[in-house]
Amino acid sequence: MIYLKTEDEIELLRKANILVADTLAEIAKIVRPGVTTRQLDSLAEQFIRDHGATPTFKGFPNPCGPEYPASICTSVNEVVVHGIPNDTPLRDGDIVSVDCGTCLNGYCGDSCYTFTVGEVSEVVRVLLKTTKECLYKGIAQAYAGHRLGDIGFAVQQHAESRGYGVVREFVGHGIGRDMHEDPQVPNYGERGKGKQLKNGMCIAIEPMITMGNHKLAMLPDKWGVVTRDGKPAAHFEHSIAIHGGKVDILSSFEAIEKVEQQNY
């Protein structure tokens, strides 16, 4: 069932999502060669709890294995999603997708950003640029009267026209009091197909784009998912609300991108 949110609920969702944005901006300040993803996780959890919220990922159930053990997902290079933080230092030329969720005042925030570590190759930079473009092209289709297929088509067309793969097994989702609500929001589809978008709908749009084939494999930890061909993948995500007939981006990359500009 899809729950339409009131204006007051949308504002509560905005606060939770801004906290996610601020957390990712704090992470941006320390992403560099030699830092471990476990250090990123420790920073994120402390920052989230210091601001009166809880990390929604920690303890998240897994029907195929153990609960998720960390507060953020850190997916390095060929890891597409759900990478578990560890003690392996990041290396110059790596990319790391950091997915973060919070629960603040009973409402959830969810956003993801793919960071560069030191100097990365130009082909990897283009992958990240294209994936972020896919996100905003999907968001541009998310207004009342359109359908979910319009979002997926925009993402898929932009990625595949540039020779990239579009992940099928993992999709965006509704968001509210629960981190994952209906509807599912695929990154592929047909124009004019799928559920109609209505005022009050709040969804997370999250393109996961691969440099090579879109086929995936599961890591032994039963969480991390990698590309079968070993090529890198990027992941960007915003939570949005539809109200007044238009799209309202509840999360933000502004502070993250400001840190990145200072670093490079």
Side-chain angles (χ1 to χ4, degrees), residues 24 27-28 31 33 36-37 40-41 57 62 68 70 72-86 88 90-101 110-139 151-173 184-189 204-238 251 253 256-257 260:
L24 291 172
I27 288 171
V31 171
T36 70
T37 51
L40 303 183
D41 181 62
F57 294 177
N62 181 351
Y68 192 74
I72 57 175
C73 298
T74 52
S75 303
V76 180
N77 297 331
E78 74 277 8
V79 183
V80 182
V81 286
H82 305 159
I84 296 175
N86 59 41
T88 302
L90 293 169
R91 299 172 300 176
D92 189 63
D94 284 344
I95 57 173
V96 54
S97 299
V98 180
D99 198 351
C100 180
D110 190 9
S111 183
C112 182
Y113 196 90
T114 301
F115 296 95
T116 57
V117 182
E119 292 295 326
V120 304
S121 67
E122 182 60 23
V123 290
V124 169
R125 286 193 179 277
V126 174
L127 170 67
L128 269 58
K129 178 177 180 290
T130 302
T131 305
K132 191 186 288 186
E133 290 170 351
C134 286
L135 171 61
Y136 287 108
K137 286 185 177 293
I139 289 172
I151 297 173
F153 178 85
V155 172
Q156 182 180 13
Q157 192 278 331
H158 190 65
E160 292 183 347
S161 69
R162 284 152 179 77
Y164 297 122
V166 178
V167 169
R168 266 67 167 173
E169 292 88 344
F170 298 92
V171 298
H173 51 87
Q184 292 191 347
V185 185
N187 296 304
Y188 56 93
I205 300 174
E206 48 179 321
M208 289 153 268
I209 306 301
T210 62
M211 186 174 285
N213 195 289
H214 66 78
K215 294 183 179 180
L216 308 179
M218 179 76 72
L219 290 175
D221 62 25
K222 302 298 184 183
W223 275 107
V225 175
V226 298
T227 58
R228 285 193 188 178
D229 59 15
K231 293 182 179 179
H235 180 194
F236 289 90
E237 175 184 18
H238 271 318
S251 44
F253 293 156
I256 303 166
E257 291 169 342
E260 285 189 326

J.: Give the minimum heavy-atom separation between F236 and L128, together with the two atoms involved.
T.: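 Minimum heavy-atom contact is CE1-O, 3.5 Å.
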J.: Roughly how far, to the nearest 0.5 Å, is CD1 of I209 from SG of C134?
T.: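 That separation rounds to 4.5 Å.
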J.: Can you tell me which residue among E237, E206, E257 is in a salt bridge (charged side-chain N to carboxylate O under 4.0 Å, His left out) with K132?
T.: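 That would be E257.
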J.: Answer yes or no: is there a side-chain heavy-atom contact under 4.5 Å between V171 and V185?
T.: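 They are not in side-chain contact.
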J.: Using the test salt bridge (Lys or Arg N to Asp or Glu O under 4.0 Å), find all partners of K129 that sit at least two apart in sequence or belong to another chain.
T.: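 For K129, the residues satisfying salt bridge (Lys or Arg N to Asp or Glu O under 4.0 Å) (neighbours in sequence not counted) are E133.
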J.: Is a donor on one side and an acceptor on the other found under 3.5 Å between the side chain of D41 and the backbone of I72?
T.: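 It does hold such a pair.
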J.: Find out whether T210 and V167 are in side-chain contact, i.e. whether some heavy atom of one side chain is under 4.5 Å from a heavy atom of the other.
T.: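 Yes. Closest side-chain heavy atoms under 4.5 Å.
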J.: Answer yes or no: is there a side-chain heavy-atom contact under 4.5 Å between T114 and H235?
T.: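 Contact flag for T114/H235 side chains = yes.
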J.: For residues M208 and R168, determine if any side-chain heavy atom of one lies less than 4.5 Å from a side-chain heavy atom of the other.
T.: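 No, their side chains stay 4.5 Å or more apart.
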J.: Enter the distance from L40:CG to N86:CG here, rounded to the nearest 0.5 Å.
T.: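 One finds 10.0 Å between CG of L40 and CG of N86.
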J.: Indicate the atoms forming the closest heavy-atom contact of V31 with F115, along with that distance.
T.: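 Looking at all heavy atoms of both residues, the closest pair is CG1-CB, 4.1 Å.
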J.: If every non-hydrogen atom of V117 is compared with every non-hydrogen atom of R91, which pair is closest and at what distance?
T.: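 The answer is CG1-O, 3.3 Å.
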J.: Could you grab the distance from atom CD1 of I139 to atom NE2 of H238, nearest 0.5 Å is fine?
T.: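 Output value for this atom pair is 5.0 Å.
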J.: Judged by atom type as modelled, is there a donor-acceptor pair below 3.5 Å linking the side chain of N77 to the main-chain atoms of I95?
T.: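 Checked: pair present.
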J.: With a 4.5 Å heavy-atom cut-off, do Y113 and E260 have their side chains touching?
T.: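 In short, these two side chains touch, coming nearer than 4.5 Å.
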J.: For residues D110 and H173, determine if any side-chain heavy atom of one lies less than 4.5 Å from a side-chain heavy atom of the other.
T.: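 A side-chain contact exists here, since the closest heavy-atom pair is under 4.5 Å.
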J.: Could you check whether any side-chain heavy atom of Y188 comes within less than 4.5 Å of a side-chain heavy atom of E160, counting everything from C-beta outward?
T.: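 No, too far: nothing below the 4.5 Å cut-off.
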J.: Listed by chain and number, what are the side chain to side chain contact (heavy atoms under 4.5 Å, CB included) partners of S75, not counting sequence neighbours?
T.: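 Result, side chain to side chain contact (heavy atoms under 4.5 Å, CB included) vs S75: V79, S97.
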J.: Looking at every non-hydrogen atom in both residues, tell me the closest pair between A234 and T131 and how far apart they are.
T.: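 It is CB-OG1, 3.4 Å.
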J.: Any donor-acceptor pair under 3.5 Å linking the side chain of D221 with the backbone of I84?
T.: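 Looks like no, no N/O pair under 3.5 Å.
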J.: Before giving the answer on side chain to side chain contact (heavy atoms under 4.5 Å, CB included), spell out for L90 and T37 the whole-Å C-alpha distance, their side-chain angles and the decisive distance to 0.1 Å.
T.: CA-CA 7 Å; L90 293 169; T37 51; 4.1 Å; yes
J.: Using the rule given for side chain to side chain contact (heavy atoms under 4.5 Å, CB included), can you reason through M211 versus D229, listing the C-alpha separation, both sets of side-chain angles and the distance that settles it, and then say yes or no?
T.: CA-CA 10 Å; M211 186 174 285; D229 59 15; over 6 Å; no
J.: Got a donor-acceptor contact below 3.5 angstrom from the D99 side chain to the C73 backbone?
T.: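 Pair absent, no side-chain N/O of D99 close to backbone of C73.
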J.: Rounded to the nearest 0.5 Å, what's the gap from CZ on R125 to CD on E119? Could you check?
T.: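 Taking CZ in R125 and CD in E119, the distance rounds to 6.0 Å.
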J.: Can the ring centroids of Y68 and H82 be said to lie less than 6.0 angstrom from one another?
T.: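 When the ring centroids of Y68 and H82 are compared, they turn out to be at least 6.0 Å apart.
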J.: Step through it carefully: locate the ring centre of H158, locate the ring centre of Y164, and say whether they are under 6.0 Å apart.
T.: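 Centroid separation for H158 and Y164: 6.0 Å or greater.
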J.: Are V166 and H214 packed together at the side-chain level, in the sense that at least one heavy-atom pair is separated by less than 4.5 angstrom?
T.: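 No. Closest side-chain heavy atoms not under 4.5 Å.
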J.: Of all heavy-atom pairs between F57 and G101, which one has the smallest distance, and what is that distance?
T.: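 Closest heavy-atom pair between F57 and G101: CZ-N, 3.5 Å.
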J.: Using every non-hydrogen atom in the two residues, find where L24 and C100 come nearest and quote the distance to one decimal.
T.: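 Nearest heavy atoms, L24 then C100: CD2-CB, 4.0 Å.
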J.: Check this for me: Q184, atom CD, are more than 12 non-hydrogen atoms of other residues, nucleotides or ligands nearer than 6.0 Å?
T.: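 No, CD of Q184 has 12 or fewer neighbouring heavy atoms, counting only those of other groups under 6.0 Å.
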